[in-house]
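See below for the structure under consideration.
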There are 2 protein chains.
Amino acid sequence: MITVMLELAILGFLRDQPLHGYDLRRRVAALMGHVRPVADGTLYPAIKRMAEAGWLTRKDEPGTAAAPRRTLYLTPEGRAELEHRLREPDELDISDENRWFTLLAFLRHLDEPKEQAAVLRRRLAFLEEPTSFFYDGDRPMGAEEFPDPFRQGLLTIAHATSQAELSWLHTTITTLETPQPPGLA
Amino acid sequence: MITVMLELAILGFLRDQPLHGYDLRRRVAALMGHVRPVADGTLYPAIKRMAEAGWLTRKDEPGTAAAPRRTLYLTPEGRAELEHRLREPDELDISDENRWFTLLAFLRHLDEPKEQAAVLRRRLAFLEEPTSFFYDGDRPMGAEEFPDPFRQGLLTIAHATSQAELSWLHTTITTLETPQPPGLA
DNA sequence: CAAATATATATCGGTCCCGAGGTATGATCA
DNA sequence: TGATCATACCTCGGGACCGATATATATTTG
């Protein structure tokens, strides 16, 4: 599960600029450290695996720093992979919440506002499904299942979260789909 | 990581009433299925492990249903373990968000409102720390790190979530700590 | 009547992932 | 000058977890 988020983050950061592993580690920690910490024993094997898949190349740079660095460059294949993963997210559900946030963090790498809006619309469609969250089948999980104030609180918080995201999605999609008058700055 | 949430849920459900494994499975799925699905290969070993730890006992009931049931009963040791875990949550951070919600779902099992409020206060203290979420050390992660509208949206949603929880915590703590006039209802 | 589905419990192989440790150098500080 | 820390990369053992599978019966559906 972490692999999917981590690989997306690596592809996204390397599209911004070439980085060496240690630097990448810092950025990944800043992005998802509080949500899901990533260990060295996960990061470095991921880099190796992705290099073998041809999504990035490694160039040794001895003498640059304290220890020998291996700078990582995104290949055209890696760039294509990133864009594929942004365009065709295969899961948008709650159990993959972290993954959705990671995707959001790199959605700017799809150049077309129309494409960006299309991805947001998919998330919106998912959130608006009555089967999404706190539903069991088609029956909402309400009073009976959550009789005490603490479970009620859980529902309250979940509802507020979902409302916040929905309203953000609506305004952002509108903005993205409003055609920009050409010739302006 | 799932172990902690799952065991808490099992202890909590069994404090309500004895259940057999399949029933427990349904309830666990209803509670955390959308957040984090739990496989059979995780649930049944957990039951076994917890029985060996002395937190629950199993009683075979042949002929009750299609297949032979093994009804699960919480032992006094299991009950003590549950209350210990509710009273002394060792982690309340974001990476353990699911765990916090699971704890909330069973907090009613601490009988004293004062004790319930104490746990909420700890969560409140954590959320109000400036080092909590979207902070890197003591520097808030703001404009520079999240330059595009999508990362801004991430911040917006996270902020709304946190505000919703904070306001709920404040009112609930106040209610819990308001002494009930004796002799009513 | 046959097939499919739901009930019900459990094991096992294999993968994913983390924590700990290993290696090495430059910088900082007492 | 010696200790300690930050930089920098990587491996390995082991535990947690999932998916698949096995088994067996009652009920529903075609």
Side-chain angles (χ1 to χ4, degrees), chain A residues 1-10 18-30 32-33 35-53 56-73 91 95-96 98-99 136-137, chain B residues 1-10 13-14 18-30 32-33 35-53 56-73 91 95-96 98-99 136-137:
Chain A
M1 188 65 76
I2 210 170
T3 313
V4 186
M5 296 189 286
L6 180 58
E7 288 185 357
L8 185 61
I10 291 175
L19 295 167
H20 49 92
Y22 202 78
D23 208 344
L24 195 55
R25 189 177 90 166
R26 237 186 286 117
R27 280 162 207 255
V28 168
M32 24 191 258
V35 176
R36 188 80 153 82
V38 175
D40 268 19
T42 307
L43 177 66
Y44 283 105
I47 290 171
K48 198 180 177 183
R49 192 195 324 129
M50 292 169 76
E52 278 160 11
L56 49 93
T57 51
R58 291 185 279 187
K59 205 175 105 188
D60 285 25
E61 282 176 26
T64 317
R69 286 178 174 171
R70 311 191 72 181
T71 308
L72 310 170
Y73 298 84
E91 278 175 65
S95 71
D96 237 1
N98 299 344
R99 182 155 176 246
D136 188 11
Chain B
M1 187 63 76
I2 211 171
T3 313
V4 185
M5 295 189 286
L6 179 59
E7 290 186 355
L8 186 61
I10 292 175
F13 280 124
L14 290 184
L19 296 167
H20 49 92
Y22 201 77
D23 207 343
L24 196 54
R25 191 178 88 165
R26 237 186 286 117
R27 280 162 206 256
V28 168
M32 23 191 258
V35 176
R36 187 79 155 83
V38 174
D40 269 20
T42 306
L43 177 67
Y44 282 105
I47 291 171
K48 198 180 176 183
R49 192 193 325 127
M50 292 168 76
E52 278 160 11
L56 50 94
T57 52
R58 290 183 280 185
K59 205 175 106 189
D60 285 24
E61 283 175 25
T64 316
R69 286 180 175 170
R70 311 189 74 181
T71 306
L72 309 171
Y73 299 84
E91 277 174 62
S95 70
D96 238 1
N98 299 344
R99 179 150 180 251
D136 188 12

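The analysis underlying the following values was restricted to heavy atoms, covering all of them including side chains, and did not include hydrogens, waters or symmetry mates. Values in this document were obtained by computation on a predicted structure and should not be read as measured data. A note on names: the letters A, B, ... follow the listed sequences, proteins ahead of strands, and every chain is numbered from 1.
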How would you list, by chain and number, every residue that makes a ring-ring contact (aromatic ring centres under 6.0 Å, His included) with B/Phe13, sequence neighbours excluded?
-> B/Phe106
Is any side-chain heavy atom of A/Val4 closer than 4.5 Å to a side-chain heavy atom of A/Leu8?
-> no
Should B/Leu56 and B/Ile10 count as side-chain neighbours, where that means a heavy-atom distance under 4.5 Å?
-> yes
Please give, in whole Å, the distance from [N] [atom2] to [X] [atom1]?
X	N	atom1	atom2	answer
A/Asp23	D/dA8	CG	P	8 Å
A/Tyr22	D/dC9	OH	P	9 Å
A/Arg49	D/dC10	CZ	P	14 Å
B/Leu43	C/dA8	CG	P	14 Å
A/Arg26	D/dA6	CZ	P	12 Å
A/Leu72	D/dA8	CG	C1'	12 Å
A/Arg69	D/dC10	CZ	P	14 Å
B/Leu24	C/dT7	CG	P	15 Å

Please write out the pairs of protein N or O atoms and N or O atoms of nucleotides 10-14 of chain C separated by less than 3.5 Å, giving the distance to one decimal.
residue, atom, partner, partner atom, Å
C/dA10, OP1, B/Arg70, NH1, 2.1
C/dT11, OP1, B/Lys48, NZ, 3.2

Rounded distance [0.5 Å steps], CG in B/Leu24 versus CG in B/Leu14 = 5.5 Å
Distance-only donor-acceptor pairs under 3.5 Å for side chains of residues 38-50 of chain B, two or more places apart:
residue, atom, partner, partner atom, Å
B/Asp40, OD1, B/Arg25, NH1, 2.9
B/Asp40, OD2, B/Arg25, NH1, 3.0
B/Arg49, NH1, B/Glu7, OE2, 2.4

Nearest to the side chain of A/His20, which nucleotide is it out of D/dC18, C/dA8, D/dC9?
-> D/dC9
A/Thr71 meets the side-chain hydrogen bond (donor to acceptor under 3.5 Å, both in side chains) criterion, sequence neighbours left out, with A/Glu61
